[in-house]
Amino acid sequence: MVVQTIGVVGCGQMGAGIAEISLLAGYAVIIYGRNEDLRPACRGRVQQSLQRAVSRGKLEGGEAEKALARLRGVAHLAELAAADLVIECVAEDLALKQSIFRSLDSLLRPEAILASNTSSLSITEIALATRRPDRVLGMHFFNPAPVMRLLELVRGLHTSDETLAIARKVGAYLGKITVTAPDSPGFIVNRLLIPYIVEAIGAYEAGLGEAAVLDASVRLGMGHPLGPLALADLIGLDVTLAIADTLYQSSGNPYFKAPALLRRMVAVGRLGRKTGQGFYQYQR
Ligand SMILES: NC(=O)c1ccc[n+]([C@@H]2O[C@H](COP(=O)([O-])OP(=O)(O)OC[C@H]3O[C@@H](n4cnc5c(N)ncnc54)[C@H](O)[C@@H]3O)[C@@H](O)[C@H]2O)c1
């Protein structure tokens with residue numbers, strides 16, 4: 001099967017980024033945003049990011065226009081029916097993802113591939129909502145999708161070799177380096193990353209130091225581009241909490257246990273960059 005049209009479900013930070021790189025790789029893209037996202041806002045998000053790339057000299061104006069001409073924003077899942085591959089990027093919630101996969105399964109051609117960008121949920125469990133578990137896998141991109149090189153392909157218990165091979169090929173066209181991970185809690189990257197972020201928030205809560213001091217120590221002492229608290233703000237504190245909770249529940253490993261401070265910040269809507277306030281304040 002040759003993938004020509006990619007469907008993206010959800011146009012938050014990951015959905016918009018994945019749509020953008022798919023357009024730039026030459027795919028036709030259909031992006032679904034639920035009603036609140038409003039189609040113009042979805043399209044506008046991708047357009048703004050392409051324009052930023054043009055103004056930084058990373059992309060020709062003509063290329064951005066051609067890419068945008070291949071983008072269609074839709075407000076009904078049924079309009080994704082022509083897609084060969086759909087990458088789901090909605091909130092990190094198993095019941096929500098399963099309901100979307102159930103609908104997509106009945107709307108798309110039987111050979112179409114369904115992928116989830118989930119950070120922590122089981123691909124095998126998501127696939128159970130479909131009648132094509134062999135054609136379901138995880139395609140875990142990193143944030144921001146246009147910048148980060150890695151793509152983790154997650155193999156559920158039923159994922160076929162053919163499905164993985166097609167996803168690997170798409171990943172290469174998108175300019176990503178792929179690794180294949182088993183469907184175990186956190187796959188590879190979040191198995192290692194989330195305990196580190198959780199520990200940093202716990203240490204901050206316990207008064208180890210100011211956010212800027214903890215982050216600068218990691219940046220300067222370990223050569224990371226971002227410290228753990230700035231990284232949590234970038235990921236989104238709601239997304240970070242949802243990942244930590246899922247990983248703690250599915251593994252029982254206390255390293256994933258979310259600190260009380262993270263839960264309180266999410267409860268009051270301090271979600272990081274996307275709301276303008278997290279461990280730091282941001283201009284919006
Ligand atoms: N933020 C990251 O760094 C990151 C990295 C890799 C993977 N992910 C994963 O990508 C997915 C999306 O994360 P994000 O950071 O883009 O989140 P986000 O909050 O920016 O966007 C979430 C999107 O889901 C949509 N949504 C929420 N509830 C919905 C519903 N009931 N029906 C339809 N759409 C709904 C929202 O409208 C929004 O467009 C999650 O599974 C997350 O774990 C996130």
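Positions are given from 1 along the sequence. Numbering of ligands and ligand atoms starts at 1, following listing order.
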Identify, by atom number and element, the atoms of ligand 1 in contact range of [X], meaning under 4.0 Å from any of its heavy atoms.
X	value
Asn143	1 (N), 2 (C), 3 (O)
His140	6 (C), 7 (C)
Ser119	6 (C), 7 (C), 8 (N), 9 (C), 42 (C), 43 (O), 44 (C)
Leu96	28 (N), 29 (C), 30 (C), 31 (N), 32 (N)
Phe141	5 (C), 6 (C), 7 (C)
Val239	15 (O), 42 (C), 43 (O)

Taking all non-hydrogen atoms of both residues, which atom of Ala211 and which atom of Tyr204 are closest, and how far apart?
-> N-CE1, 3.5 Å
Contact between [X] and ligand 1, counting heavy atoms under 4.0 Å?
X	answer
Phe142	no
Gly33	no
Cys89	yes
Lys97	yes

Tyr255 side chain vs Leu192 backbone, donor-acceptor pair below 3.5 Å = no
Does a salt bridge link Asp105 with Arg131, judged by any charged N lying under 4.0 Å from a carboxylate O?
-> yes
Which bit of Val90 gets closer than 4.0 Å to ligand 1, counting heavy atoms only: side chain, backbone, both or neither?
-> both
Counting heavy atoms under 4.0 Å, the part of Leu234 that contacts ligand 1 is neither
Between Phe142 and His140, what is the ring plane arrangement, given parallel below 30°, perpendicular above 60°, and tilted in between?
-> tilted
Please indicate whether any nitrogen or oxygen in [X] is less than 3.5 Å from any nitrogen or oxygen in ligand 1.
X	answer
Glu92	yes
Glu88	no
Gln13	yes
Ile243	no

Under the disulfide bond (SG atoms under 2.5 Å apart) criterion, do Cys11 and Cys42 qualify, and how do the steps go?
-> CA-CA 6 Å; Cys11 71; Cys42 253; 2.1 Å; yes
side-chain hydrogen bond (donor to acceptor under 3.5 Å, both in side chains), paired with Thr118, selected from Glu125, Glu92, Glu88 | Glu92
To the nearest 0.5 Å, what is the distance between CG (Asp183) and CD1 (Ile123)?
-> 6.0 Å
